[in-house]
Protein chains: 2
Amino acid sequence: MPLKFDYIAKDPHSEARRGRVHTAHGTIETPVFMSVGTFGAVRTLDHTEIEEIGVQIILGNTYHLYLRPGPEILKDVGGYHKLIGWNKPILTDSGGFQIFSLPHQRVIGEKGVTFKSYIDQSYKRLTPESDIAFQETIGSDIMMVLDVCVPSTSPYEVCVDAMKRTHRWAKRCKLAKTRDENSLFGIVQGAIHENLRKESAETLVDLNFDGYAVGGLAVGETDEEREHFTNFTARLLPTQKPRYLMGVGTPHDLVRSVRAGIDMFDCIIPTNHARQGVAYTFSGKVKMRRVFHAREQSPIDPSCACYVCKRFTRAYLHQLTKCEEPTGWKLIAYHNTWFYERLMEKIRDTIVAGTFSQFAKDFLSHVEE
Amino acid sequence: MPLKFDYIAKDPHSEARRGRVHTAHGTIETPVFMSVGTFGAVRTLDHTEIEEIGVQIILGNTYHLYLRPGPEILKDVGGYHKLIGWNKPILTDSGGFQIFSLPHQRVIGEKGVTFKSYIDQSYKRLTPESDIAFQETIGSDIMMVLDVCVPSTSPYEVCVDAMKRTHRWAKRCKLAKTRDENSLFGIVQGAIHENLRKESAETLVDLNFDGYAVGGLAVGETDEEREHFTNFTARLLPTQKPRYLMGVGTPHDLVRSVRAGIDMFDCIIPTNHARQGVAYTFSGKVKMRRVFHAREQSPIDPSCACYVCKRFTRAYLHQLTKCEEPTGWKLIAYHNTWFYERLMEKIRDTIVAGTFSQFAKDFLSHVEE
């Protein structure tokens with residue numbers, strides 16, 4: 001079945017929307033935060049843990065999966081869901097972002113990109129067609145088109161060329177797609193130029209994708225530009241399709257971007273910052289490595305219902321993070337992923353209750369970023 | 001209450017013994033494998049997981065705990081059990097082994113040892129008296145004397161001197177001990193000299209410790225010498241006290257050493273080898289990184305009842321270990337720790353049933369080492 005988006009409610013005072021995305025592997029309540037599970041696991045956690053936490057959908061990275069395990073193994077085992085034993089939705093990026101971040105190790109042409117494998121130094125090739133074929137092999141519930149990413153501060157002509165090629169590739173991706181159950185999102189480019197964003201959104205909407213991502217942000221522009229173009233681009237997209245802001249972000253970013261009308265997010269912050277001992281709470285960040293936590297018998301957040309807050313003290317997490325024990329990383333990653341899920345729940349609930357704008361205002365002004 | 005050892009059963013065909021060690025934090029069924037929890041966690045696992053697995057006792061490393069969190073914090077939070085939230089028994093080594101492994105960063109005298117901290121490069125000092133005081137601050141259920149470790153291939157006179165100082169320090173440790181609930185084990189030295197082993201065992205037994213460790217092995221001697229001196233030393237020790245073989249070992253080592261009359265073991269193998277993707281089973285080792293596991297839909301061991309074997313395939317664990325995902329390390333560490341606990345259960349059960357010798361023979365001859 002093709003992807004379907006139910007539009008349930010809208011906040012009366014902002015663009016925030018409450019919806020449901022129906023995929024071949026189940027329904028996602030939106031706004032949703034997707035946990036990053038690059039190689040098959042949300043870093044330090046296992047499926048039982050992310051199920052307990054309430055993770056609805058995980059993201060696989062096409063670039064990394066293309067290199068390992070690669071198309072042959074993924075095909076033989078029956079795709080990513082089967083490989084990792086996860087029966088809920090997954091989304092895959094196209095790999096474009098990673099490939100374009102390798103300036104000395106890739107060649108880009110109109111047909112596609114050639115890049116060097118970091119595993120065996122061999123050259124690999126992806127075209128819009130083979131990228132979609134690989135994402136279908138992965139068995140992704142939501143695939144992304146192969147787009148051309150350039151720094152948002154690039155010269156205007158570079159931004160135009162990248163956008164136009166993105167559109168041609170988006171069309172080729174759409175034509176290459178063979179299965180209903182693997183839905184496909186277009187990616188709006190156009191850097192920090194309103195006319196380009198407008199042209200990009202219109203072109204992609206005409207191609208009729210299952211959803212739309214806001215691409216080309218968090219690549220060099222200021223925070224203000226980023227917020228402006230998130231708002232600006234979201235409004236250009238159809239109400240009845242999900243909108244995805246890739247690679248974002250902090251809790252504040254999520255609240256701000258939901259307010260702009262974004263439905264889907266992914267970010268490595270919850271697990272990545274956990275490694276540095278940074279825990280997130282509704283009262284702000286707690287930096288567990290700080291020496292004043294060494295004797296604290298309280299949990300990360302006494303009001304948090306997660307397993308880690310119910311069982312472990314800050315003193316213990318301080319000791320583990322100072323000693324770089326993987327268990328410390330894991331416990332904070334668990335808590336952070338739990339916090340992100342509860343934040344998204346709160347966002348969804350307040351949108352339905354009509355109190356989201358007040359919640360967002362309070363959160364953004366009272367919680368330290 | 002002081003430590004008490006109940007002698008329950010002995011294998012009719014070997015020195016293997018079944019017993020119970022009663023400590024201030026509960027009873028341990030022996031022979032027992034102790035999981036290493038250096039800084040406060042069994043690497044990659046948390047307490048809920050090790051409780052599920054059935055870990056009876058964890059080992060803390062005095063050397064590492066002395067440097068971090070250090071005596072002040074441990075005292076302020078009320079000891080290691082309190083710091084880490086673990087209410088079952090713990091054992092601590094004396095730190096001697098680690099300090100003596102730092103040839104260029106320590107000075108040894110009759111009074112004690114001075115060594116350099118790897119954390120802040122400052123010099124730290126431990127004497128038999130301060131070592132025991134620190135282990136009491138840790139709140140260890142089973143403390144070890146500060147001993148002098150030398151390579152087992154050292155010149156005879158070096159072995160004699162190390163042994164004699166070990167005896168003088170053992171006496172000072174015993175005198176320094178102030179609390180019944182923190183029991184103390186002596187450590188038999190004497191390298192690979194039967195007369196020294198005999199002298200060491202007799203001297204320590206006269207001092208009447210709560211238990212005895214076989215020290216000075218796995219430091220340069222051959223496998224045959226090690227097995228011989230484990231057997232030889234174990235027989236020199238009193239039947240009614242627990243015997244501990246430090247830092248050992250592989251599943252084969254455990255089976256062989258139980259047969260020699262050893263009751264207690266600790267080793268980092270289950271969690272450390274997990275990092276390299278090595279899983280242990282009753283059919284031998286499974287090296288998860290090997291390419292032929294890439295498509296295997298079976299678990300590590302279909303006959304294993306652990307959570308990992310019930311849920312995850314070899315193909316998945318292969319992918320995670322090849323990608324160095326911490327989740328792969330953790331899942332195999334979980335399985336291996338589970339396997340070690342089931343092996344010890346099997347050993348305890350067969351001793352009581354009188355079938356241990358047959359089990360040991362089958363295991364040692366049929367399971368690849």
Side-chain angles (χ1 to χ4, degrees), chain A residues 37-51 64-65 67-70 72-78 80 82-86 119 271 275 291 293-297 299 307-308 310-331 333-334, chain B residues 37-51 64-65 67-70 72-78 80 82-86 119 271 275 291 293-297 299 307-308 310-331 333-334:
Chain A
T38 302
F39 294 110
V42 177
R43 199 141 288 169
T44 75
L45 303 176
D46 68 40
H47 301 343
T48 304
E49 290 165 332
I50 62 173
E51 283 166 5
H64 293 291
L65 294 171
L67 298 180
R68 186 175 267 150
E72 292 75 20
I73 289 173
L74 269 168
K75 196 169 184 180
D76 289 352
V77 300
Y80 185 82
K82 193 78 194 298
L83 174 68
I84 77 167
W86 169 258
I119 290 169
T271 53
R275 189 172 199 171
V291 69
H293 298 307
R295 291 165 173 85
E296 283 183 340
Q297 294 302 308
Y307 152 66
V308 176
K310 282 192 283 188
R311 170 132 201 196
F312 302 105
T313 63
R314 289 185 180 194
Y316 183 47
L317 296 169
H318 172 81
Q319 163 74 0
L320 294 181
T321 54
K322 289 293 278 186
C323 296
E324 314 251 4
E325 274 292 341
T327 303
W329 180 9
K330 174 259 179 78
L331 293 175
Y334 186 104
Chain B
T38 302
F39 293 110
V42 177
R43 198 142 288 168
T44 74
L45 304 176
D46 69 39
H47 301 343
T48 304
E49 289 166 331
I50 63 173
E51 282 167 3
H64 293 292
L65 294 171
L67 298 180
R68 186 175 267 153
E72 292 74 20
I73 290 174
L74 268 167
K75 197 169 182 179
D76 289 352
V77 299
Y80 186 83
K82 193 80 192 298
L83 174 68
I84 77 167
W86 170 257
I119 291 170
T271 52
R275 190 172 199 172
V291 69
H293 297 308
R295 292 166 172 85
E296 283 184 341
Q297 294 302 307
Y307 152 66
V308 176
K310 282 191 284 187
R311 170 133 201 196
F312 302 105
T313 64
R314 290 186 180 194
Y316 182 48
L317 296 169
H318 172 81
Q319 164 73 0
L320 294 181
T321 53
K322 289 293 279 186
C323 296
E324 314 250 4
E325 274 292 342
T327 302
W329 180 9
K330 173 260 181 79
L331 292 175
Y334 186 104

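Computed over heavy atoms, backbone and side chain alike; hydrogens, waters and symmetry mates excluded. Reminder, nothing fancy here: chain letters follow the sequence lines and each chain counts from 1.
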Which of A/R311, A/H64, A/K322 touches chain B most, by non-hydrogen pairs under 4.5 Å
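It is A/R311.
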Who wins among A/L45, A/L67, A/T48, A/T38 for the most heavy-atom pairs under 4.5 Å with chain B?
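Answer, by heavy-atom pair count under 4.5 Å with chain B: A/T48.
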Relative to chain B, which segment of [X] carries a heavy atom at a distance below 4.5 Å: side chain, backbone, both, or neither?
{"X": "A/L320", "value": "side chain"}
{"X": "A/H47", "value": "both"}
{"X": "A/V42", "value": "backbone"}

For a side chain to side chain donor-acceptor pair (under 3.5 Å) check, start with the C-alpha distance between A/D46 and B/Y307, then their side-chain angles and the critical distance, and finish with the verdict.
CA-CA 11 Å; A/D46 68 40; B/Y307 152 66; 2.7 Å; yes
Answer with side chain, backbone, both or neither: which region of [X] has an atom nearer than 4.5 Å to a non-hydrogen atom of chain A?
{"X": "B/F312", "answer": "side chain"}
{"X": "B/E72", "answer": "both"}
{"X": "B/E296", "answer": "neither"}
{"X": "B/L74", "answer": "neither"}

For B/R295, check side-chain hydrogen bond (donor to acceptor under 3.5 Å, both in side chains) against everything at least two apart and list the hits.
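Result, side-chain hydrogen bond (donor to acceptor under 3.5 Å, both in side chains) vs B/R295: A/D76.
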Has A/T327 got a side-chain atom pairing as donor or acceptor with B/T44's backbone, closer than 3.5 angstrom?
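Such a contact is found between A/T327 side chain and B/T44 backbone.
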Determine yes or no for a side-chain-to-main-chain donor-acceptor pair under 3.5 angstrom, with B/Q319 supplying the side chain and A/R68 the backbone.
yes
